[in-house]
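First the proteins, then the strands, lettered A, B, ... as listed; each starts at 1.
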Amino acid sequence: MSTKRAQPTANNEKSKKQKTSGYWALGLLDTMKDPESIVMEDDLVVVIKDKYPKAEYHYLVLPKADISSLKKVNKEHLSLLQHMQHVASDLSTDDEHKHKNFKMGYHAEASMARLHLHLISDDMVSSCLKTKKHWNSYNSSFFLSSADICQQFEAEGVVKLPKSEVCRKLLDTPLKCHKCSFVPKHMPNLKDHILSHK
DNA sequence: GTTCTAGAAC
DNA sequence: GTTCTAGAAC
């Protein structure tokens with residue numbers, strides 16, 4: 001007799017097939033509700049710690065509104081995007097964080113549902129940072145600065161996101177240090193090197 | 001998004 | 001032989 005496997009929670013929801021790659025892609029929706037993970041929240045947004053931080057400090061700012069990704073954002077959301085940036089900026093300059101430099105931005109193509117703004121310190125020192133894809137997702141034009149995104153929405157009413165082939169190439173760009181011209185042989189070499197910038 | 005691991009690179 | 005990367009995961 002075979003053991004019954006518990007169905008994922010969506011069993012009682014509409015059975016239309018989602019194009020999501022799997023349940024993991026919805027993980028942020030749970031994390032947003034987890035008091036342990038929440039750093040702060042207001043009426044519009046929740047700030048959580050990234051579960052696999054790619055630098056000493058790494059937070060995500062997510063809207064409470066059901067916006068799955070940058071692709072679903074339109075000019076009506078401009079004030080929300082500005083608010084998300086403002087919340088991130090405030091956090092980055094509080095007493096705990098003002099000694100560090102931060103960047104704020106979106107991945108051109110995110111893996112996980114619910115729009116999220118990354119707030120990440122620029123040291124890039126973390127045991128969770130392992131792959132070239134990790135590196136390039138924060139240190140190439142795959143990383144779209146929040147200021148640029150807001151500005152483009154304000155000026156043009158839409159944001160032009162790179163096509164998926166372009167994203168793939170950006171993530172496969174040869175490694176280079178984000179603070180100097182050093183070209184590492186491989187990730188462990190780069191991780192050793194960036195310690196010298198601390 | 002991560003984990004795991006085969007086989008490429010050294 | 002060891003280190004490192006890259007692709008499958010039902």
Side-chain angles (χ1 to χ4, degrees), chain A residues 1-11 13 15-34 36-39 45-64 66-73 84 88 103-121 124-144 146 161-178 182-196:
Chain A
M1 192 165 68
S2 63
T3 51
K4 277 188 181 174
R5 187 176 298 182
Q7 291 291 324
T9 57
N11 202 23
E13 287 180 314
S15 59
K16 74 173 179 182
K17 281 190 178 172
Q18 296 282 341
K19 180 68 182 176
T20 50
S21 313
Y23 184 69
W24 60 262
L26 304 175
L28 290 179
L29 304 181
D30 290 330
T31 310
M32 284 177 75
K33 299 173 197 158
D34 170 25
E36 296 276 305
S37 302
I38 296 175
V39 174
V45 303
V46 178
V47 182
I48 60 176
K49 291 185 183 179
D50 193 295
K51 193 174 175 184
Y52 297 91
K54 304 303 187 293
E56 190 173 337
Y57 298 95
H58 188 181
Y59 303 97
L60 305 178
V61 184
L62 308 98
K64 290 184 173 179
D66 182 14
I67 302 166
S68 60
S69 77
L70 262 191
K71 290 175 187 170
K72 304 288 184 178
V73 171
M84 289 165 67
K103 53 185 180 184
M104 298 179 280
Y106 300 89
H107 284 159
E109 242 173 18
S111 298
M112 306 189 79
R114 187 57 57 90
L115 179 68
H116 52 281
L117 171 63
H118 292 271
L119 173 66
I120 184 166
S121 56
M124 303 307 293
V125 173
S126 167
S127 60
C128 297
L129 196 160
K130 297 174 178 176
T131 67
K132 176 192 272 190
K133 182 175 173 179
H134 287 156
W135 184 263
N136 285 327
S137 70
Y138 295 94
N139 298 292
S140 75
S141 43
F142 186 86
F143 191 84
L144 306 170
S146 175
L161 299 170
K163 300 201 184 303
S164 60
E165 313 92 81
V166 176
C167 288
R168 191 178 48 73
K169 283 179 184 170
L170 287 171
L171 293 174
D172 200 39
T173 303
L175 296 171
K176 183 193 157 303
C177 178
H178 61 320
F182 179 69
V183 176
K185 293 183 182 70
H186 42 55
M187 278 303 292
N189 188 201
L190 176 56
K191 286 169 68 71
D192 283 344
H193 167 81
I194 59 180
L195 293 174
S196 70

Which distance, rounded to the nearest 0.5 Å, do you find between the [atom1] of [X] and the [atom2] of [Y]?
X      : Y      : atom1 : atom2 : value
A:H58  : A:Y52  : NE2   : OH    : 13.5 Å
A:K33  : A:L29  : NZ    : CG    : 6.5 Å
A:E109 : A:L171 : CD    : CG    : 8.0 Å
A:L60  : A:D50  : CG    : CG    : 4.5 Å

Whole angstroms only, please: what is the [atom1]-[atom2] distance between [X] and [N]?
X      : N     : atom1 : atom2 : result
A:M187 : C:dT5 : CE    : P     : 7 Å
A:K185 : B:dA8 : NZ    : C1'   : 18 Å
A:N136 : C:dT5 : CG    : C1'   : 14 Å

(message) If the threshold is 4.0 Å, N to carboxylate O, is there a salt bridge linking A:D172 and A:K133?
(response) no
Expected rows: protein N/O vs nucleotides 1-3 of chain C N/O, under 3.5 Å:
none

(message) For A:T173 and A:N139: C-alpha separation, side-chain torsions, deciding distance, then whether side chain to side chain contact (heavy atoms under 4.5 Å, CB included) applies.
(response) CA-CA 10 Å; A:T173 303; A:N139 298 292; over 6 Å; no
(request) Please report the C-alpha distance between A:V61 and A:M104 in whole Å, then the side-chain angles of each, then the deciding distance to 0.1 Å, and finally whether the side chain to side chain contact (heavy atoms under 4.5 Å, CB included) criterion is met. (result) CA-CA 10 Å; A:V61 184; A:M104 298 179 280; over 6 Å; no
(request) Take the angle between the ring planes of A:H118 and A:Y138 and call it parallel below 30°, perpendicular above 60°, tilted in between. (result) perpendicular
(request) Take A:K51 and A:S37 through the side chain to side chain contact (heavy atoms under 4.5 Å, CB included) test and state the conclusion after the steps. (result) CA-CA 8 Å; A:K51 193 174 175 184; A:S37 302; over 6 Å; no
(request) Output the residues of residues 164-175 of chain A in contact with DNA chain B, where contact means a heavy atom of the residue under 4.0 Å from an atom of the strand; sort by number or write none. (result) none
Side-chain donor-acceptor pairs under 3.5 Å in residues 185-196 of chain A, sequence neighbours left out?
residue: A:H186; atom: ND1; partner: A:N189; partner atom: N; Å: 3.3
residue: A:N189; atom: OD1; partner: A:K185; partner atom: N; Å: 2.8
residue: A:K191; atom: NZ; partner: A:S126; partner atom: O; Å: 2.7
residue: A:K191; atom: NZ; partner: A:L129; partner atom: O; Å: 2.9
residue: A:H193; atom: NE2; partner: A:H197; partner atom: NE2; Å: 3.2
residue: A:S196; atom: OG; partner: A:H193; partner atom: O; Å: 2.6

(request) Identify, with sequence neighbours excluded, every residue that meets ring pair (Phe, Tyr, Trp, His ring centres under 6.0 Å) alongside A:Y59. (result) A:H97
(request) Count the heavy atoms of every other residue, nucleotide or ligand shown that sit under 6.0 Å from NZ of A:K64, and state whether that count exceeds 12. (result) yes
(message) Between A:V125 and A:E56, does the side chain to side chain contact (heavy atoms under 4.5 Å, CB included) criterion hold? Intermediate values first, please.
(response) CA-CA 6 Å; A:V125 173; A:E56 190 173 337; 5.7 Å; no
(request) Extract the stems that DNA chain B is part of, considering only consecutive pairing runs of at least three Watson-Crick or G-U wobble pairs, both distances under 3.5 Å. (result) B:2-10 with C:1-9
(request) Please work out which residues in residues 125-135 of chain A have a non-hydrogen atom less than 4.0 Å from an atom of DNA chain C and list them by number. (result) none
